Structures are given as structure tokens and as C-alpha cells.
K.L.:
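Submitted below is the structure of interest, expressed as C-alpha cells.
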Amino acid sequence: MDFIIEGTLNAVKALYNTDLKETEIGLQETRKEFEGDVTVVTFPLTRMSKKSPEQTGAEIGQYLVDNIEHVSNFNVIKGFLNLSLSDSYLNHLYKEKISQEGFGLFPSNGKKVMVEYSSPNTNKPLHLGHVRNNLLGYSVAEILSANGYDVIKANLVNDRGIHICKSMLAWKKFGAGETPQSTGLKGDHLVGKYYVIFDKEYKKQIDELKTAGQSEEEAKKNAPLIKEAQQMLQQWEAGNEEVINLWKTMNTWVYAGFEETYQKLGVEFKKYYYESDTYLLGKDIIEEGLEKGVFFKKEDNSVWIDLTAEGLDEKLVLRGDGTSVYITQDLGTAQLKYNDFGVDESLYVVGNEQDYHFKVLFLILNKLGKSWASGLYHLSYGMVDLPSGKMKSREGTVVDADDLIDEMVETAKSRTEELGKVEGFSDDEKKELYRMIGLGALKYFLLKVEPKKRLLFDPNESIDFQGHTGPFIQYTHARIRSIISKAGVENRDFTVDAFTATERELILALNKYPEALSAAAKEYSPAQIANYIYELAKLYNKFYHEEPILKLEDDQLKNFRISLSVTTGSVIKKGMKLLGIDVPERM
RNA sequence: GGACCUGUAGCUUAAUUGGAUAGAGCACCUGACUACGGAUCAGGAGGUUAGGGGUUCGACUCCCUUCAGGUCCA
């Protein structure tokens, strides 16, 4: 709608002899209770016109109708100038732009971006929180890619540390040689089981020590199990063969389990980083920072950075004994990523509990003068809570990812069977359909909410399949495909000289797709796509109910409406793909 | 002690980044050529946008403050 803005600028120039910038014109969709397609907000223009908002609107409106071919009519309500676009313009817009092959495709922008997401710990299976992370990361990566970025999906696996040793130790002590094969358990679940067992046994020991007179704090430190786990970590770091072998074996189990879950979720990675490879990185950066005077040493030899000028605290970056803290290795890993791929931007999809950490991390890299530091971004998202509060793996109060996926598919199945919609489907087709719908419901449910908002999930309240949901959109797509398969080939021979109100809305909604796509990328928000596609699907359903398509006698109009259906279906499909959701031909 | 995030209808949420009477979905109520697919559509009811102040022609949006929930820093 650039020509409206341009026309308005010209109008202000001609009428009030003032030059304005494009950004000073507020353009919005006309609310549906008023007549018109686009609206110019005229309040700010009264400064130039020195007239009432109504009068200003009327003058500009008249100018636009007189001077711009595509503007057919106008009306003014308070400070709002509502403009109607001509049918011939809409016909042209639809035919030459919206319905073309390349609509909504962005050319390469020559930029490279890394999206790091998932980043699991190898001591337990994935839960609902990880699911949100995975879906977000995957979707944002797809959205950036659709905007012309060259995207590298990366996964930084936390495969070492005390928590891993806890699972290992518990398995060694209480596992009796269990394996995924011997138990039939998925590898990550088997390992997670021993993580929970560790915690249970550890708590027992703590209680014993407490009854023997120790304080809570002492007991936690002195319990034999924790000491053994710490010892095991040291052995791991020293490269003890037995420990390393056990570590490798159990990690192999876990990775097989993760792979299965990733596949079910439909997420993937191009590059894996492992903390066992990167945990020693970053020390050279500490040296660099000391030389540059960005860091300073305290008496105990520990290294710090003073961020009080930035409103933060002093931050420890290396312990006195020379060992790393979290941020040490993150500094090193950031450098490694840049060295590996030379990316222009780098996203970290990590929960908001680490807001402070990333603020500090990026600040440090900036202070070190890293040219690429300005391209770093923490995509922070809210925690997923249960009605009972936070999920805790150790205490078993988690919604397991695999269980959740299975349940969703199962619900999709029973729901579909109830509706009696699968006549003529083969068993494979049914299976695929249930998977699509179940995952569609789950993914849409998680992605339609703005990332930074916290999410409350009630396992007792099933995710809807009606209304503002994935299946609603999938259904709309199937319905469109049904029309098209009955219509045969698309015939693009049409000229429409009078659109209905709903057709106009639908054309304008389709026209907004590229805008929605770039807004989603700019804000790293799949929710923008999700809500846009919903609006579109809703509009199509309205159109579908109001107007005949295949029954039409008028070939021109019929061809147009079929084409409109084709285009809407294709935008729905493209948009859902960006959310990682497949849409069926029939359902 | 300091810092950050969130708070919109019973529930889940949107609001083009400061614009019209705050828009949807679920649940509730009423209706839709016995169908180009009813997992749909049309309508009703439901709001002091957590509370209070301020800036503005105009505030869910910006500023100050209080409250509630969550998180982080040693």
C-alpha cells in the first residue's frame, strides 16, 4: 500500500505545503464496522493543516480520490480517513502479485545466522519445557530461512558434569547391568530413571546424617553418594578409562532416545556441539581480557569483570584455582561458533531464567571488542509451568515429551474416529493423519503464544481441536483441497469488476503475508505467523459459507474463486510449514 | 539487598508498536439452504486491560508507584 502513503505525502505537500516522512503517516486496516479498506490516521496531520481532524481528513480524502486511480471512495469518522480501493486495483493486485508463484518468497539476503536450540542434558529425557524450546528454535530457524537467511541449526549438548555423573553412579551401583535392550526402555528414559534413583538414595543418606546430628548443609556435603559422584567427575576429567567408557555407553543410549524424540517432533540440527569438547574453552579469552584490562584479578587469583557501571554486579569469570565457571566456556564457545561459520547473527534459544547470564555474556564480548558481538541475541522464552508449579525432573513432576506426543496422537485418533472421517483411508494414511493432527494441535498450542510469556499447561485439560487451534487450520486446508480436487485445474482467466466484502478482506489478508513473515523474523516470533494464519483460515471459512464456488454459472467469477481458494490453501500450507506443522489433503 | 520478566472476559489469548466502541477461541445460550466437508458459519452474554497517579487530542501500550506470581545475581 505504498501508493497510499505516497499519495498522502503528496496531499499534505499540495494542501498544506509541508514535507513529511513516510514514517509519519499512520496507516492501518479499516475496522470492519466501517466502510473502506485502509485507514489513514489524521490526528497528527492537524498540526500542518491547522484544521479539525474531520476537515483535514475530508480534504486529504478528496485529494486522494481525485489523484489516485486506485482510490475509489472515502469517508471520515473523527480523525480517521477510511479509503476504499477500487475493484480494478484489487483485481490487478490479486492477479499480478498475490496469485503468482513467487508470492511470499524472499530472495537471499546474503546473511548467515546460527540458531542454537534444544541443548539438552544427557542425564534425563526431554520434557514439555524442552518441547517448547525445540519447537520455538526450529520454527524461528525456518522463519529466518524464509526471510532469506542462510540458517545453521545448532545443538549444544550438555553431556558432562556432576549431574551426568549422578546418573552414571546410580546405574553402576543399583543398575544391575540394565540396558535399553534388556529393559525395553528408551535410552534416555533408562538413564533418567537412574538420575531419579540417585536423588532418592542421596536424600536417604542426608536424612540419616541429619538424624545422626548433622545440619542440612553438612549432610548434603558429606553424604557418601555425592562424594562418590564428585570423585567420578574428577576421574572423568582425568580420563579414567572405566569412567569414560561408562559415560560413552550411557550417552549412546541417551542419544538414540533423543534422536527418536527429535524425529517425532520433526526437528533437526546441522551442527552438534558437545560440552565435553568445549568445557575447557575460554581460558585464552580470559587471558585476552586481562591483557586488554577488561578483567581484573583478585588476591585469591580469581578473575572478575566489573559491570557496576552498567547497573550490574561484579562477575566472576574464572575461579582462583584456574577452573572454569559456566560463563568461561560460553565465552569460548561463542568464539568457536564464530570461527566455525563466520555467522552475522547468532541466536540462543534459552529460557528466561538465564536472562542475566546472557546479558553479561554479550556485554563481556562487546567489551572485549569482538566485532561479531552485536549480532548475538538471546531468544528468551517463558517457563512452562504446571498447575502444581514448576516441573522438576528429579522429583518426577514432569510432563514427559514422548508421553505427551503419544497422547496427542492418540487423542487425534479417537477424535477423528468419533467424527467418522476416515472412510477410504488406508492404515498408513490413517496413522499419518493422526500424527499430523495430534502434533499439529500440540505445536500450534505452544507456538501461538508469544515466546516470552510463561505458559501454563494443565495435563488434565486436553488441548483443543476446535476454534483457535492447529486442527482448525488443518481442516480449512483439507476443505480447500477438496474444492480444488473437484474443480480440476486452476484457470487463471478471470477479471472481476465487483468484489464482495469478504473477498476484499480475503485478498487484503493474503496481501499481508509477506509483511507477517518479515515481522515474525524481526521479532523472532512464530506466534505472529500462527495468529496470521488463523485469521486467514477464519476468513476463508467465512467466505466459503457466504459464497458459492463450484456451483457458479459465471465462469469468470468461478475461476477467480477457485484461484482464491488455491492461493489461500498455499499460504496456509507455507505458513504452517514455518511452524513445523504439516497440513493434510483430507481429514 | 539489587536486577529482570509476567499480569487483559471464568479459562487460553490478540491488539498493525501511542489511535476508532480492547479483538478472538474454549466453556455457556440461540440459530444455519439436510450441505462445494458441521473439526464449519452467524448471533448473544461475558472487560475498571492487577490497583493508583502522571504525560498526551488520544494509553493495554510510555513514565512513577503499590500489589501479586515467577526468575536471576553472591
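Convention: sequence-line order gives letters A, B, ...; per-chain numbering from 1. Note that this is a predicted model, so its numbers are computed, not measured.
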K.L.:
Could A:Lys315 and A:Glu310 be called an ion pair, given the rule that one side-chain N must be under 4.0 Å from one carboxylate O?
P.N.:
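A salt bridge is absent here (no side-chain N lies under 4.0 Å from a carboxylate O).
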
K.L.:
Could you tell me which nucleotide pairs with B:G46 by Watson-Crick or G-U wobble geometry, both distances under 3.5 Å, or answer none if nothing does?
P.N.:
none

K.L.:
For A:Tyr381, is the NZ or CZ atom of A:Arg132 found under 6.0 angstrom from the centre of its six-membered ring and inside 45 degrees of the ring axis?
P.N.:
no

K.L.:
Please report, rounded to the nearest Å, how far the P atom of B:G70 is from the CG atom of A:Leu455.
P.N.:
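Going from A:Leu455 (CG) to B:G70 (P), I get 17 Å.
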
K.L.:
Under a 3.5 Å cut-off for both distances, is B:G7 Watson-Crick or wobble paired, and to whom?
P.N.:
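For B:G7, the partner nucleotide comes out as B:C67, under the 3.5 Å rule.
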
K.L.:
Provide, to the nearest angstrom, the distance between the CD atom belonging to A:Gln528 and the P atom belonging to B:U13.
P.N.:
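One finds 16 Å between P of B:U13 and CD of A:Gln528, rounded.
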
K.L.:
Between B:C60 and B:A9, how far is it from one P atom to the other, in whole Å?
P.N.:
14 Å

K.L.:
In whole Å, what separates the P atom of B:G19 from that of B:A35?
P.N.:
47 Å

K.L.:
So, do A:Tyr475 and B:G37 meet the stacking rule of ring centres under 5.5 Å and planes under 30°?
P.N.:
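So A:Tyr475 does not count as stacking on the base.
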
K.L.:
Please give, in whole Å, the distance from B:A20 P to A:Glu29 CD?
P.N.:
13 Å

K.L.:
Identify the residue among A:Leu136, A:Ile463, A:Leu128 that makes a side chain to side chain contact (heavy atoms under 4.5 Å, CB included) with A:Leu446.
P.N.:
A:Leu128

K.L.:
Categorize A:Met587 for me: base, sugar-phosphate, or nothing, with a 4.0 angstrom heavy-atom threshold over every strand shown.
P.N.:
base

K.L.:
Considering only the C1' atoms, how many Å lie between B:A32 and B:G38, rounded to the nearest integer?
P.N.:
10 Å

K.L.:
Just checking A:Phe34: base, sugar-phosphate only, or nothing, at a heavy-atom cut-off of under 4.0 Å?
P.N.:
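Base: the residue A:Phe34, judged by heavy atoms under 4.0 Å, touches a nucleobase.
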
K.L.:
Regarding A:Glu547, tell me which of base, sugar-phosphate or nothing describes its non-hydrogen contacts under 4.0 Å with the strands shown.
P.N.:
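Base, at least one base atom sits under 4.0 Å.
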
K.L.:
Please classify the nucleic acid contact of A:Leu312 as base, sugar-phosphate, or nothing, using heavy-atom distances under 4.0 Å.
P.N.:
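Contact class for A:Leu312: none.
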
K.L.:
With rounding to the closest Å, how many angstrom separate the C1' atoms on B:A50 and B:G7?
P.N.:
6 Å

K.L.:
For A:Lys421, answer base if it contacts any base atom (sugar-phosphate contacts may also be present), sugar-phosphate if it contacts only those atoms, and nothing otherwise; contact means non-hydrogen atoms under 4.0 Å.
P.N.:
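Base: the residue A:Lys421, judged by heavy atoms under 4.0 Å, touches a nucleobase.
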
K.L.:
Across the strands shown, which category fits A:His545 at heavy-atom distances under 4.0 angstrom: base, sugar-phosphate, nothing?
P.N.:
base

K.L.:
Answer with base, sugar-phosphate or nothing: what part of the nucleic acid does A:Ala478 contact at a heavy-atom distance below 4.0 Å?
P.N.:
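The answer is base, as A:Ala478 lies within the cut-off (heavy atoms under 4.0 Å) of a base atom.
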
K.L.:
Do we see A:Phe80 stacking on the base of B:A20, given a limit of 5.5 Å between centres and 30° between planes?
P.N.:
yes

K.L.:
For B:A39, does the base pair up with any side-chain atom of A:Thr469 as donor and acceptor (N or O, under 3.5 Å, distance only)?
P.N.:
no

K.L.:
Rounding to a whole Å, what distance do you find between A:Arg47:CZ and B:G19:P?
P.N.:
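In whole Å, B:G19 P and A:Arg47 CZ are 16 Å from each other.
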
K.L.:
Check whether the side chain of A:Thr476 and the base of B:A39 form a donor-acceptor pair under 3.5 Å.
P.N.:
no

K.L.:
When the distance from CZ of A:Phe472 to P of B:C26 is rounded to whole Å, what number comes out?
P.N.:
9 Å

K.L.:
Could you tell me whether A:Gln28 contacts a base, only the sugar-phosphate backbone, or nothing, with contacts defined as non-hydrogen atoms closer than 4.0 Å?
P.N.:
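Base contact.
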
K.L.:
Do A:Thr568 and A:Phe543 have side chains that get closer than 4.5 Å, going by heavy atoms?
P.N.:
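Answer no - side chains too far apart.
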
K.L.:
To the nearest Å, how far apart are A:Ile549 CD1 and B:C33 C1'?
P.N.:
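So the two atoms are 16 Å apart, to the nearest Å.
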
K.L.:
Please state how far atom CD1 in A:Ile473 lies from atom C1' in B:G25, giving the value in whole angstrom units.
P.N.:
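That distance rounds to 11 Å.
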
K.L.:
In the structure I gave you, are the side-chain heavy atoms of A:Phe358 and A:Ser380 within less than 4.5 Å of one another anywhere?
P.N.:
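A side-chain contact is absent here, since even the closest heavy-atom pair is not under 4.5 Å.
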
K.L.:
On the nucleotide B:U12, are OP1 or OP2 found under 4.0 Å from the side-chain N or O atoms that A:Lys448 carries?
P.N.:
no

K.L.:
Tell me the interatomic distance from A:Leu363, atom CG, to B:C4, atom P, rounded to whole angstroms.
P.N.:
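For the pair A:Leu363 CG and B:C4 P, the rounded distance is 14 Å.
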
K.L.:
Name the nucleic acid region contacted by A:Asp313, choosing base, sugar-phosphate or nothing; use a 4.0 angstrom heavy-atom cut-off, strictly under.
P.N.:
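Base: the residue A:Asp313, judged by heavy atoms under 4.0 Å, touches a nucleobase.
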
K.L.:
Hey, is the side chain of A:Asn82 pairing donor to acceptor with the base of B:A20 inside 3.5 Å?
P.N.:
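It does, because a donor-acceptor pair links the side chain of A:Asn82 to the base of B:A20 below 3.5 Å.
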
K.L.:
In whole angstrom, give me the gap between the P atoms of B:A27 and B:C67.
P.N.:
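To the nearest whole Å, 39 Å.
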
K.L.:
When all nucleic acid strands are considered with a 4.0 Å heavy-atom cut-off, which category describes A:Pro44: base, sugar-phosphate, or nothing?
P.N.:
base

K.L.:
Could you walk me through whether A:Phe43 and A:Phe80 satisfy the ring-ring contact (aromatic ring centres under 6.0 Å, His included) test, starting with their C-alpha distance in whole Å, then the side-chain angles of each, then the deciding distance to 0.1 Å, before giving a yes or no?
P.N.:
CA-CA 8 Å; A:Phe43 288 108; A:Phe80 299 91; 5.7 Å; yes

K.L.:
Mind checking A:Glu450 for me? I need base, sugar-phosphate or nothing, with any heavy atom below 4.0 Å counting as a touch.
P.N.:
sugar-phosphate

K.L.:
At under 4.0 Å between heavy atoms, what does A:Phe465 touch on the DNA or RNA strands: base, sugar-phosphate, or nothing?
P.N.:
base

K.L.:
Indicate whether any N or O donor in one side chain lies under 3.5 Å from an N or O acceptor in the other, for A:Asp37 and A:Thr30.
P.N.:
no

